[in-house]
Amino acid sequence: MFSNTKASFLTGILLGGISCVLITLFGQMNIRHKGKLQKHEHHHLQSPSREDFLKMSKEQQRMVLSKSIRVYCIILGESKYEHYWALLNDTWPKHCDKAEFYSIRKSHLFNIETNNNVWPQVKEIYKYVFEKDGHNYNWFLLVCPTTFAIIENLKYFLFKKNATQPFYLGHTIKSGDLEYVAMAGGIVLSTDSMKRLNQVLNSENCAYQSMIWKLAADKQLAICLKYAGVLAENAEDSEGRDVFNTKSIVHLITDAISNNPQQVVEGCCSDMAITFNELTPGNMEVMMYGVYRLRAFGHHFNDTLVFLPPNGSEND
């Protein structure tokens, strides 16, 4: 009797161990892509240092590499933001290698019934952009109309990143078990991420995930990318400060004054910030002046790398 009980106990332990192994294995299969487990070795991505560029002794080499970073900008907003379109045509999007504007629920390109759910249209826009220009650009930036983006800083940040790897980056937020890049700060996808995304967009994994409450499009995108083996990365400067900001610079400075009055400048924002959000049209013009027009006499900034704006950009 004792022998039978002992045997049953050992059998239970063995079966339990096998079950744990199988559960772990199947759990990992959820983020496989084409049968290969995707390694995820970077969670906090930092911008390159000046020394990285000085290692390139030839200026010609730096210029060739700078021209190889091509950014496609997607500005997506509801019809209530249409008064931004004319302003955006003449401000920061002119520094993108290509910029397109899409109005939610009023686009003539997509015949979709959204039912107040933005995700179906976001999916169609990503499919449209990838099929039309997926091989002409290596980075894709999705932002709101109220966002101001400094494309030169984005290209600087991406300089040492390989677009053939599955990068999905911006300002990350944790929501339960899901970590996603907030649309408010801008979302950047590499060519490889766009390719993987388009391979799964029509699958059940990328269908609308919430039937009870409204799930934001940026969370839906994170769920979809996770099934494609692409995880969210938080973008930071060399000091660990965020470079994709979900608030305006005024809001960030106000917070810094309250929280750290002795170091307002250092505590506010990164010197290499890429985006700011919640800008009014007037704020957009002020940012344009401050970033591209205002110069301090006697100060000469000799950057090791130059990103020339595309033809037609007359803001500098």
Side-chain angles (χ1 to χ4, degrees), residues 44-50 71 73 75-78 80-81 83-84 87-88 90-96 99 141-158 169-175 179-188 216 218 232-303 307 309 315-316:
H44 294 271
L45 298 180
Q46 292 193 334
S47 56
S49 65
R50 181 181 176 86
V71 178
C73 300
I75 300 96
L76 175 65
E78 297 181 30
K80 65 181 180 180
Y81 293 113
H83 61 289
Y84 277 82
L87 175 69
L88 288 168
D90 198 40
T91 53
W92 70 263
K94 295 181 73 174
H95 290 251
C96 303
L141 171 67
L142 174 67
V143 295
C144 308
T146 56
T147 299
F148 187 95
I150 305 167
I151 299 302
E152 291 81 0
N153 285 1
L154 173 60
K155 289 186 174 183
Y156 170 78
F157 184 88
L158 297 172
L169 56 93
H171 181 96
T172 58
I173 296 176
K174 188 81 172 178
S175 177
E179 191 164 17
Y180 67 98
V181 174
M183 172 73 171
I187 299 172
V188 176
D218 48 12
E233 317 282 1
N234 193 66
E236 304 167 354
D237 67 8
S238 57
E239 302 295 324
R241 295 172 295 190
D242 289 331
V243 292
F244 287 85
N245 297 290
T246 59
K247 302 291 184 180
S248 69
I249 191 168
V250 173
H251 188 283
L252 295 171
I253 289 175
T254 302
D255 283 349
I257 291 173
S258 300
N259 301 328
N260 195 1
Q262 303 303 318
Q263 291 184 316
V264 174
V265 176
E266 294 84 352
C268 160
C269 321
S270 169
D271 295 345
M272 298 303 298
I274 294 170
T275 63
F276 295 97
N277 192 31
E278 298 182 347
L279 274 70
T280 65
N283 294 152
M284 200 82 70
E285 294 281 16
V286 171
M287 287 292 294
M288 201 68 196
Y289 172 74
V291 173
Y292 291 108
R293 298 291 182 114
L294 183 62
R295 297 289 185 272
F297 181 79
H299 288 261
H300 179 65
F301 299 95
N302 185 20
D303 291 328
F307 294 110
N315 294 309
D316 294 327

Item checked: Test item: N153 side-chain N/O and A273 main-chain N/O as donor-acceptor pair under 3.5 Å ->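 Judged by distance alone, yes, a pair lies under 3.5 Å.
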
Item checked: Side-chain donor or acceptor of N234 paired with backbone N/O of T172 under 3.5 Å ->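 Yes; judged by distance alone, with no hydrogens or angles, the pair exists.
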
Item checked: Check against side chain to side chain contact (heavy atoms under 4.5 Å, CB included), V250 and I253 -> CA-CA 5 Å; V250 173; I253 289 175; 5.9 Å; no

Heavy-atom closest contact ([X] atom, [Y] atom, distance):
X: S248; Y: F276; answer: C-CD2, 4.3 Å
X: I257; Y: P261; answer: O-CB, 3.4 Å
X: C144; Y: A184; answer: SG-CA, 4.4 Å
X: G170; Y: V181; answer: CA-CG1, 3.6 Å
X: Y84; Y: T146; answer: OH-CG2, 3.6 Å
X: N245; Y: D242; answer: OD1-O, 4.1 Å

Notebook entry, point to check: Applying the side-chain contact (heavy atoms from CB on, under 4.5 Å) test to V143, which of V188, I75, L76, I187 qualifies?
Noted result: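 Checked V188, I75, L76, I187 against V143; only one passes side-chain contact (heavy atoms from CB on, under 4.5 Å): I75.
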
Check: Is the closest side-chain donor-acceptor distance between S258 and D255 under 3.5 Å?
Finding: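 Side-chain D/A pair, S258 to D255: absent.
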
Roughly how far apart are [X] [atom1] and [Y] [atom2], rounded to 0.5 Å?
X: T147; Y: W92; atom1: OG1; atom2: CH2; value: 7.0 Å
X: R241; Y: L252; atom1: CZ; atom2: CG; value: 12.0 Å
X: M272; Y: L154; atom1: CE; atom2: CG; value: 10.5 Å
X: M284; Y: L88; atom1: CE; atom2: CG; value: 5.0 Å
X: I151; Y: T275; atom1: CD1; atom2: OG1; value: 9.5 Å
X: R293; Y: M287; atom1: CZ; atom2: CE; value: 15.0 Å

Check: Does the side chain to side chain contact (heavy atoms under 4.5 Å, CB included) test come out yes or no for F244 and L169, once each step is laid out?
Finding: CA-CA 9 Å; F244 287 85; L169 56 93; 3.7 Å; yes

Next item on the list: Please step through side chain to side chain contact (heavy atoms under 4.5 Å, CB included) for the pair S270 and E239, ending with a clear verdict.
Entry: CA-CA 8 Å; S270 169; E239 302 295 324; over 6 Å; no

